[in-house]
Amino acid sequence: MNKKKKKYTYISIMQIISALLILLLHSNPDNVSSVVMSKGWYRIFYFILYQIRVDHIALVVFMGISGMLCTLSSTNLWERKSYLEYVKRRALRLLLPYIVINILLYLPKALLNDYMQADTQLSVKFFLNMITNPRSGVSANLWFLPTLFWLSVMSPILQKIAKYEKLWVRYTFMALFVLIHCLPDVTNTLALNDVKKYLMFYYLGMLINKQIIDFSYTQIRYILLLLGCGLIGFVITLYFHDNLFVDTIYLCFGGIVVFTLSLLLERFFYENKEPYLGDKTMSIYLLSFPVTTAIDIIFGVLGINTIITVICMFLFGLCIPVIIHILFNRFCEKIGRKLPVLA
């Protein structure tokens with residue numbers, strides 16, 4: 001395995017951890033984020049996951065990875081061809097799945113409204129509001145797609161800042177993005193609140209440069225030291241994250257823990273191979289929620305035991321997107337063309 005590919009393995013592991021954590025939280029038919037710890041071990045399990053905000057940590061890692069991959073690419077599409085071509089590709093990969101999945105779920109969810117948590121109306125006004133306000137759509141968990149699209153649109157400028165020779169310029173902008181993150185929300189339209197919230201983490205991923213990765217990867221004791229500091233900081237800030245600034249630090253510590261664990265897993269288990277799910281995480285992000293929603297509805301109608309429902313939601317939410325990903329890639333190979341959606 002060549003050196004460049006080896007350095008990307010830890011990113012694949014981070015992608016897998018983030019995707020599995022999000023899937024685990026979506027495999028929750030009772031929405032127990034605020035339920036008192038009682039009536040079943042699975043309720044206690046989900047209660048703990050929500051208390052430590054695993055979903056937010058997973059999304060911070062996801063956004064950081066996206067920025068990291070953008071910076072680690074030797075040449076970007078906007079440099080090889082044009083900025084418009086780059087935006088077009090990102091729209092096909094991010095906005096097209098967002099719109100298609102929302103449309104496919106819209107009518108079934110409206111017809112089965114009694115079994116769903118959201119109030120879905122059959123009207124043009126509701127449909128337009130659903131598309132332009134990702135958090136209020138029938139598939140609200142896909143809000144990260146338009147958010148990532150807008151961050152991608154800003155990537156050429158952000159990358160130039162992140163690679164600027166003078167360090168004070170890089171970290172002045174980092175401080176600016178932290179300030180933007182802490183500002184009050186403005187509007188959910190076009191996912192602008194989420195762009196404001198995750199811009200700093202996207203840019204922070206860009207700042208993790210080659211020197212840091214080389215240093216951490218070759219020195220196991222420094223990885224363990226960083227992991228220890230991350231865990232200590234994570235536990236301390238856990239009790240004070242009601243404050244927005246402290247909460248931001250808390251999420252960063254969570255990201256550090258995932259980052260260092262990924263480096264350790266790469267070092268001891270994936271030094272000479274790529275993890276199987278590494279290239280399938282986007283398919284899991286995109287398709288797991290519709291699958292888990294369908295299982296939730298069907299098993300709810302049939303009155304199947306909740307624990308069995310939880311297990312099946314997770315397993316089907318993992319296996320079906322992976323199968324679709326494999327079939328989609330085989331189709332692309334057959335037609336001799338790589339389509340920028342699940343590929």
> Passes side chain to side chain contact (heavy atoms under 4.5 Å, CB included), Leu145 versus Leu95? Steps please.
Replying inline: CA-CA 6 Å; Leu145 290 173; Leu95 294 185; 5.8 Å; no
>> Working note: His26 + Met313, criterion side chain to side chain contact (heavy atoms under 4.5 Å, CB included); need CA distance, chi angles, decisive distance, verdict.
In response: CA-CA 8 Å; His26 287 172; Met313 287 175 72; over 6 Å; no
>> Under the criterion side chain to side chain contact (heavy atoms under 4.5 Å, CB included), I'd like the reasoning laid out for Ile17 against Leu21: C-alpha separation, chi angles, the key distance, then a yes or no.
In response: CA-CA 6 Å; Ile17 292 174; Leu21 288 175; 3.9 Å; yes
> Stepwise, does the side chain to side chain contact (heavy atoms under 4.5 Å, CB included) test hold for Thr237 with Phe253?
Replying inline: CA-CA 9 Å; Thr237 53; Phe253 277 126; 4.0 Å; yes
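Listed by chain and number, the residues in a ring-ring contact (aromatic ring centres under 6.0 Å, His included) with Phe314 amount to none (sequence neighbours excluded). Applying the side-chain contact (heavy atoms from CB on, under 4.5 Å) criterion to Leu315, with sequence neighbours excluded, gives Ile311. Partners of Phe177 under the ring-ring contact (aromatic ring centres under 6.0 Å, His included) rule, at least two apart in sequence or in another chain, are Tyr203. Looking at residues two or more places apart in sequence or on another chain, you find no ring-ring contact (aromatic ring centres under 6.0 Å, His included) involving Tyr202. For Trp150, there are no ring-ring contact (aromatic ring centres under 6.0 Å, His included) partners at least two apart in sequence or on another chain. For Ser18, the side chain to side chain donor-acceptor pair (under 3.5 Å) test picks out Tyr285, with sequence neighbours left out. Looking at residues two or more places apart in sequence or on another chain, you find a side-chain contact (heavy atoms from CB on, under 4.5 Å) between Leu49 and Leu24, Leu25, Phe45, Tyr46, Val54. Under the salt bridge (charged side-chain N to carboxylate O under 4.0 Å, His left out) criterion, Asp55 pairs with no residue, sequence neighbours left out.
Among Phe201, Phe149, Phe62, Tyr198, the single residue meeting the ring pair (Phe, Tyr, Trp, His ring centres under 6.0 Å) criterion with Phe144 is Phe62.
Within 6.0 Å of the CZ atom in Phe299, the count of heavy atoms belonging to other residues, nucleotides or ligands exceeds 12. Atom CD1 of Ile157 has 12 or fewer heavy atoms from other residues, nucleotides or ligands within 6.0 Å.
When all heavy atoms are compared, the tightest approach of Glu165 to Arg170 is O-NH2, 4.1 Å. Of all heavy-atom pairs spanning Tyr98 and Met130, the tightest one is OH-O, 3.3 Å. Heavy atoms only, all atoms of each residue included: Gly317 and Thr292 are closest at CA-CG2, 4.1 Å. Considering every non-hydrogen atom in both Thr9 and Pro275, the closest pair reads CG2-CD, 3.9 Å. Among all heavy-atom pairs drawn from Ile295 and Thr309, the shortest one is CG2-O, 4.5 Å.
Interatomic distance, Arg90 CZ to Leu96 CG, rounded to the nearest 0.5 Å: 13.0 Å. In this structure, CD1 in Ile131 is found 8.0 Å from CG in Leu128, a value given to the nearest 0.5 Å. If you take OG on Ser152 and CE on Met154, they are separated by 9.0 Å, rounding to the nearest 0.5 Å.
Within the structure, the salt bridge (Lys or Arg N to Asp or Glu O under 4.0 Å) test picks out no pair touching residues 308-322 (sequence neighbours left out). Residue pairs that meet the side-chain hydrogen bond (donor to acceptor under 3.5 Å, both in side chains) test with at least one member in residues 253-265, sequence neighbours left out, do not exist here.
Taking the ring centre of Tyr86 as origin, the terminal cationic atom of Lys88 falls outside the region bounded by 6.0 Å and 45° from the ring axis.
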Sequence neighbours left out, cut at 3.5 Å: what donor-acceptor pairs do the side chains of residues 181-191 make with other protein atoms?
{"unit_1": "His181", "atom_1": "ND1", "unit_2": "Lys197", "atom_2": "O", "d": "2.6"}
{"unit_1": "His181", "atom_1": "NE2", "unit_2": "Thr248", "atom_2": "OG1", "d": "3.0"}
{"unit_1": "Asp185", "atom_1": "OD1", "unit_2": "Lys196", "atom_2": "NZ", "d": "3.4"}
{"unit_1": "Thr187", "atom_1": "OG1", "unit_2": "Thr189", "atom_2": "N", "d": "3.1"}
{"unit_1": "Thr187", "atom_1": "OG1", "unit_2": "Thr189", "atom_2": "OG1", "d": "3.1"}
{"unit_1": "Asn188", "atom_1": "OD1", "unit_2": "Asn193", "atom_2": "ND2", "d": "3.0"}
{"unit_1": "Thr189", "atom_1": "OG1", "unit_2": "Asn133", "atom_2": "OD1", "d": "3.3"}

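A continuous path of ILVMFWY side-chain contacts below 4.5 Å connects Ile11 to Tyr276, so both sit in one hydrophobic cluster. A chain of hydrophobic side-chain contacts below 4.5 Å, direct or via other Ile, Leu, Val, Met, Phe, Trp or Tyr residues, connects Leu167 to Phe173. Connection of Leu226 to Phe268 is established within a shared hydrophobic cluster, with ILVMFWY side chains joined at heavy-atom distances below 4.5 Å, either directly or through further cluster members. When hydrophobic clusters are built by joining Ile, Leu, Val, Met, Phe, Trp and Tyr residues whose side-chain heavy atoms come closer than 4.5 Å, directly or via intermediates, Leu225 is not grouped with Ile223.
At a threshold of 4.5 Å between non-hydrogen side-chain atoms, the residues Met174 and Met200 count as touching. By the 4.5 Å heavy-atom criterion applied to side chains, Leu318 and Ser288 are not counted as neighbours. No side-chain heavy atom of Gln15 sits less than 4.5 Å from a side-chain heavy atom of Asp279. Here the side chains of Leu287 and Ile320 are not in contact, with every heavy-atom distance at 4.5 Å or above.
Under a 4.5 Å side-chain heavy-atom cut-off, the cluster of Ile, Leu, Val, Met, Phe, Trp and Tyr residues that includes Leu327 is completed by Ile323.
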